[in-house]
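All ligand and atom numbering here is 1-based and tracks the order in the structure.
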Amino acid sequence: MAIEVIATGRAIPPRLLTNDELAKDVDTNDEWIRSHTGIGARHVAASEVAASDLAAEAARNALAMMIGVDADSGAAADAAIAEAALSLDVIIVATATPDHLVIPSTACLVQNKLGAWRASAMDISAGCTGFIYGLETAAGLLSVRGGNRRRVLLIGAETLTRFVDWSDRSTCVLFGDGAGAVIVEKTDAPQEGAGKRGLLRSILRADGAGSVHLVCRRGAGRSPFMPGEVVEKSPYIEMNGQAVYNFAVKVITETIPEIAAMEGISLDDVARIIPHQANARIIQAATKRLKLPEDKFFLNIQNYANTSAASIPIALDELNRGGKLSKGDILITMGFGGGLTYGANLLVW
Ligand code: UT7
């Protein structure tokens, strides 16, 4: 039995906000943003669009890939996708920017949008490491004896541009909106030995002492909005950029060799490392320390900025649809971010 990703999808809001356009309203410029982060533009969800909308669109695209139809080809495709949604046993949404505070989960909203009536549904809150945690959770749910589950829809979905302080140039330039989805299935392929396939191992870690470095303080249980309170800003993310940067470079440099060694695999044999897209400089620093060729790490931050839990499944879908992944490729995904959390998955495509 193997736990394999059998299809991928993504949803990117059409509105593109370039650095130059952003610089008209914020005291920044394209040169600073590119040289300090690698970001060229980000996508911004329309005001009526929330995380569950992006998540459901990414999910439909993944379901369409699974059954071999074009998601936008009309009523027959819609009906086939709706039918395919009924094969889902679980829906997991990894998000830091859910539709609603407290309840319901964004996954329940996605279940309703897809009509996936057989599926259980829950969210994972693990910041930018949400997809890594989600893949291991999916594998656990599929492996448990008596679970009787075969197929999990795992989505990373974010509307981060709605949770930034647009007057803070050190954070507002960094984030973007989007969603990525994968369908994870329990298959008959071998998980051990020659020809092994699917998810082989994950590392999931957290350093809660660093929770202060990346935090959205207002609106929830610790600091709720009070009746009559005049709110100057909607809830926004505060970040100690330097602390998170140092943490990120350290954990990437430690975790990637660790997960490969645990599986007895040389990094030379890894086809691609798919890191969370937070800052190209973080990846360049880790690449140097690990003495790896730069193209071993996949980077698309120039187009999307940091989409938190969505960045890795968006990258996987880009690679997959672009024909850049071959069966048998060894991949490592690497996440790090709010919590602080970090982790990696090692899988054979
Ligand atoms: O996904 C979650 C994980 N998040 C991350 O991994 C982010 C980690 N941190 C980072 O990527 C970097 O720390 C940042 C990109 C956030 C900041 O880069 P930095 O090189 O550490 O810049 P800095 O904060 O040290 O600021 C340097 C200068 C400051 O000016 P002074 O004080 O030297 O005059 C800032 O005011 O750059 C200034 N600055 C800007 N200038 C133009 C900060 N933001 C901007 C901006 N445009 N957007």
Side-chain angles (χ1 to χ4, degrees), residues 17-42 94-97 124-133 156-178 180 205-208 210-216 236-256 274-287 289 297 299-302 304-315 333-344:
L17 179 62
T18 63
N19 293 342
D20 282 333
E21 193 181 348
L22 187 61
K24 289 179 189 157
D25 297 317
V26 177
D27 179 20
T28 187
N29 57 76
D30 180 60
E31 196 284 318
W32 191 97
I33 301 172
R34 278 185 197 274
S35 61
H36 284 73
T37 70
I39 294 166
R42 73 283 299 137
T95 183
T97 53
I124 286 188
S125 173
C128 306
T129 318
F131 180 82
I132 309 288
Y133 274 55
E158 304 285 7
T159 52
L160 287 152
T161 63
R162 212 156 284 161
F163 297 90
V164 295
D165 175 358
W166 289 102
S167 67
D168 174 11
R169 67 179 182 174
S170 70
T171 54
C172 73
V173 303
L174 303 176
F175 296 103
D177 302 334
R205 298 214 173 108
D207 174 11
S211 57
V212 290
H213 296 316
L214 198 41
V215 57
C216 181
Y236 59 90
I237 296 166
E238 292 170 59
M239 181 169 71
N240 177 345
Q242 201 58 54
V244 179
Y245 184 99
N246 294 337
F247 158 80
V249 175
K250 179 172 181 291
V251 299
I252 296 172
T253 314
E254 289 172 358
T255 310
I256 287 174
I274 301 156
H276 166 48
Q277 311 281 317
N279 185 332
R281 274 173 55 217
I282 291 175
I283 303 307
Q284 282 148 9
T287 307
R289 288 195 196 179
F297 284 86
L299 274 180
N300 63 5
I301 190 172
Q302 62 276 14
Y304 301 114
N306 179 346
T307 57
S308 193
S311 80
I312 292 172
I314 288 172
T333 59
M334 174 75 220
F336 50 89
L340 299 172
T341 54
Y342 63 103

What is the nearest protein non-hydrogen atom to atom 48 (N) of ligand 1, stated with its residue, atom name and distance?
Arg169 O, 2.9 Å

Counting only heavy atoms closer than 4.0 Å, does ligand 1 sit against the backbone of Leu214, its side chain, both, or neither?
side chain

Considering only heavy atoms, does Thr28 approach ligand 1 within less than 4.0 Å through its side chain, its backbone, both, or neither?
both

Taking only heavy atoms of Cys128, which atoms of ligand 1 are found under 4.0 Å from at least one of them?
1 (O), 2 (C)

Taking only non-hydrogen atoms of Gln242 and a 4.0 Å limit, the atoms of ligand 1 in range are 13 (O), 21 (O)

List the atom of Phe175, the atom of Thr171, and the distance in Å for their closest heavy-atom pair.
CD1-O, 3.4 Å

If we ignore hydrogens and angles and just use 3.5 Å, is the side chain of Thr129 paired with the main-chain N or O of Ile132 as donor and acceptor?
no

Can you give me the closest heavy-atom contact between Gly127 and Ala309, atom names plus distance?
O-CB, 3.7 Å

Would you mind listing which atoms of ligand 1 come within a distance below 4.0 Å of any non-hydrogen atom of His276?
1 (O)

Taking the ring centre of each residue, are Phe247 and Tyr342 less than 6.0 Å apart?
yes

Considering the heavy atoms of Thr37, write down every atom of ligand 1 situated less than 4.0 Å from one of them.
15 (C)

Please name the pair of heavy atoms, one in Arg42 and one in Tyr304, separated by the smallest distance, quoted to 0.1 Å.
CB-O, 3.8 Å

What atoms of ligand 1 come closer than 4.0 angstrom to any heavy atom of Met239?
4 (N), 7 (C), 16 (C)

Numbering the atoms of ligand 1 from 1, which are under 4.0 Å from a heavy atom of Asn306?
1 (O), 2 (C)

Check each heavy atom of Thr171 against ligand 1 and say whether those closer than 4.0 Å belong to the side chain, the backbone, both or neither.
neither

When every non-hydrogen atom of Arg169 is compared with those of Cys172, the smallest separation belongs to CA-SG, 4.0 Å

Part of Tyr245 within contact of ligand 1 (heavy atoms, under 4.0 Å)
both

Please list, in number order, the atoms of ligand 1 under 4.0 Å from a heavy atom of Val173.
48 (N)

Side chain to side chain contact (heavy atoms under 4.5 Å, CB included) with Asp177: of Leu17, Thr97, Thr161, only one passes, and it is Thr161

Give me the one residue out of Val249, Ile282, Val244, Thr255 that meets side chain to side chain contact (heavy atoms under 4.5 Å, CB included) with Phe336.
Ile282

